[in-house]
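Here is the structure we will look at, set down as structure tokens.
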Amino acid sequence: MANFAPPPGTADIFPDETVWWQRLEQTAAKVFPLYGYGELRTPIFEYTEVFKRGIGDETEVVQKEMYTFEDRGGRSLTLRPEGTAGVMRALLNTDVMNGNEKRVYYIGPMFRGERPAAGRRRQFHQIGLENVGKISPETDAEVITSMMHFINELGITGGRLLLNTRGVKADREPAEKMLREYFRSHIEAMCDDCRARIERNIWRILDCKQEKCREIVKQAPEYVNSYSQESQEYFTRVCQLLDQAGISYEIDPFLVRGLDYYVHTVFEVVHTAGLGTQSAIVAGGRYELFLPEMKKPVIGVGFAAGMERLLLVQQALSVAAPPPPSPPLFLISMGDEARDANIKLAADLRRQNVPVVVEFEDKSMKAQLRAANRVGSRYVVIRGGDELNAGIVICKDMEAGTQEQLKPEDLISYLRKS
RNA sequence: GUGAUUGUAGCUCAGUUGGUUAGAGCGCCUGGUUGUGGCCCAGGAGGUCGGGGGUUCGAGUCCCCUCAUUCACCCCA
């Protein structure tokens, strides 16, 4: 095979598949406005600092997965590895910092330099939503509600909604201390990664996949109890609101998200169908996000869904394929004059929103009919010298095998009737 | 970045212990019908066997390197 393959971790999406993607996009455009959200489109690259500062210099994503390059002016730019930081950068041009709420959603490609696997690409696509500028448990619960609404609308059932709280920054220290003491006492039995994590990023130990670590994690102290009263009440209230909304969830104290900016409520929906261990199809939480030169963070709550993963799950659940586009009317011509007439006819029909394909090559009737079959045409129009002279066209029904002579101007009403 | 896996026609795949001109099915083209598709019949086009090097009289087949696929790990959506 010649090297026409796209670069690793990228893919071409052909029309058959594109209809599935379009349905995801259309569903977002239908559901999110019901909650007052409009679409925001931000650049695919940003100044590198936006992500370094926004996501956190220490995170895995920033440290080793970003596509960073210099432009001709020597500026350091980065292809966005996630959506939130760029959206915050854009919204700082509004008055979100004064507590004026903004509600936006976004759709588009993201880029991370990872090794591809099931449900993981280097260019992948997310649909995300952000509620920015306000903090309240009601907001968090409503954002989660809109997320569940969205995936239900896609026919995705059987996912598990996991919920946890990260507290606020002040809550983090006592909790970390508690965990560090505990894990230090079990350091002998843990994997190498987790030993390093004790000093570097203790939270990640909680979602280590190694069997021996999981055993230890299970016995870990309930660090949430060390959070402030307010933080605990905030989370309780979010849970109450979800109960009230009839949304079922599981509290998972070991759910910690990989980006530094999260506070309070964090959540994800995991699904086993169609995916390996990359089982999170949508995830998010409340955040406090700093951008370069900011003393105060932007606050908000949001989530992002992986489009590739949504599609894998939909297909594993046998969600019905989107309706295919209506096949074109196929115009067959015998001879140059007929072809010119058909080119004109095609233009007329398209002005009236009828999809039409004209065969341009001077091929046999047989070959032209085969071509019509190939594009799935239900009807074909046949025109040669005889029809031209008589001022008519032949319209053939490819399923019934029948055909009729019509005046060209009657074609549309004939097609509409059948 | 680590590990495993696979790479032969547009697609899905055969190809025996290394042995002449590399195969099948589907798809495509032409004909069997002066201007009527699908089914059938006949013929045809299409391949640097992922790429490079090596062993051998001889390599799709064995060895090394490399690129790519898929999956797992790490991490994340």
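Residue numbering restarts at 1 for every chain, and letters A, B, ... go by the order of the sequence lines.
When the options Tyr37(A), Tyr105(A), Tyr35(A) are evaluated for a side-chain hydrogen bond (donor to acceptor under 3.5 Å, both in side chains) with Asn131(A), the one that passes is Tyr37(A).
When heavy atoms are screened at a 4.0 angstrom cut-off, Gly284(A) is found touching no nucleic acid atom at all. Among the atoms of the strands shown, base atoms are found under 4.0 Å from some heavy atom of Glu387(A). At a threshold of 4.0 angstrom between heavy atoms, the contacts of Gly128(A) with the nucleic acid are absent. Counting any heavy atom pair closer than 4.0 Å across all strands shown, Ala372(A) reaches no nucleic acid atom. Among the atoms of the strands shown, none is found under 4.0 Å from any heavy atom of Pro81(A).
Rounded to an integer number of Å, the gap from CZ of Arg122(A) to P of U70(B) is 11 Å.
With sequence neighbours excluded, no residue satisfies salt bridge (charged side-chain N to carboxylate O under 4.0 Å, His left out) with Arg370(A). Remark: Arg286(A) engages Asp140(A) in a salt bridge (charged side-chain N to carboxylate O under 4.0 Å, His left out) (not counting sequence neighbours). Looking at residues two or more places apart in sequence or on another chain, you find a salt bridge (charged side-chain N to carboxylate O under 4.0 Å, His left out) between Glu215(A) and Lys218(A). Every ring pair (Phe, Tyr, Trp, His ring centres under 6.0 Å) that Tyr261(A) has, sequence neighbours left out, goes to Tyr287(A).
Side-chain contact check for Thr84(A) and Glu130(A): at least one donor-acceptor pair (N or O, by modelled atom type) lies under 3.5 Å. No side-chain donor-acceptor contact under 3.5 Å links Asp171(A) and Tyr223(A). The closest side-chain donor-acceptor pair between Thr78(A) and Thr68(A) falls under 3.5 angstrom.
Comparing G47(B) with A24(B), their P atoms are spaced 15 Å from each other, to the whole Å. For the P atoms, the distance from G19(B) to G25(B) is 23 Å, rounded to whole Å. Rounded to the nearest Å, the gap between the C1' atom of C67(B) and that of G32(B) is 48 Å. G37(B) and G46(B): their P atoms are spaced 27 Å apart (whole Å). Across U8(B) and G15(B), the matching P atoms stand 13 Å from one another, rounded to whole Å. A distance of about 34 Å separates the P atoms of C74(B) and C11(B), rounded to the whole Å. Separation of the P atoms belonging to U21(B) and A59(B) is 11 Å when rounded to the nearest angstrom. As rounded to the nearest Å, G60(B) and C71(B) have C1' atoms that lie 26 Å from one another.
Under the 3.5 Å distance criterion, the side-chain polar atoms of Ser76(A) are left unmatched by any main-chain donor or acceptor of Glu70(A).
A heavy atom closer than 4.0 Å to some atom of RNA chain B occurs in Gln403(A), these being the qualifying members of residues 403-416 of chain A. Within a heavy-atom distance below 4.0 Å of RNA chain B, no residue of residues 13-36 of chain A is found. RNA chain B lies under 4.0 Å from at least one heavy atom of each of the following residues of residues 301-337 of chain A: Ala304(A), Gly306(A), Arg309(A), Met334(A).
Between Tyr262(A) and Trp203(A), the ring centre distance reaches or exceeds 6.0 Å. Remark: aromatic rings of Phe150(A) and Phe32(A) are close, center separation under 6.0 Å.
With a 3.5 Å limit on both pairing distances and Watson-Crick or G-U wobble geometry required, the stems of 3 or more pairs in RNA chain B span B:1-4 with B:70-73, B:10-13 with B:23-26, B:28-32 with B:40-44, B:50-54 with B:62-66.
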Heteroatom pairs (N/O) under 3.5 angstrom, protein to nucleotides 1-4 of chain B:
| unit_1 | atom_1 | unit_2 | atom_2 | d |
| --- | --- | --- | --- | --- |
| U2(B) | O4 | Arg115(A) | NH1 | 3.2 |

Any N/O pairs under 3.5 Å between the protein and nucleotides 44-47 of chain B? List them or say none.
none

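Heavy-atom neighbours of Glu222(A) CD from other residues, nucleotides or ligands within 6.0 Å: at or below the threshold of 12.
Here ring-ring contact (aromatic ring centres under 6.0 Å, His included) pairs that include residues 388-418 of chain A, with residues two or more places apart or in two chains, number zero.
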Quiz item: Nucleotide by nucleotide, 5' to 3', does protein get under 4.0 Å of the base (B), only the sugar-phosphate (S), or neither (-) in nucleotides 27-32 of chain B, counting heavy atoms?
Solution: -SSS-B

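Out of U70(B), C74(B), A72(B), the shortest distance to the side chain of Lys64(A) is found at C74(B).
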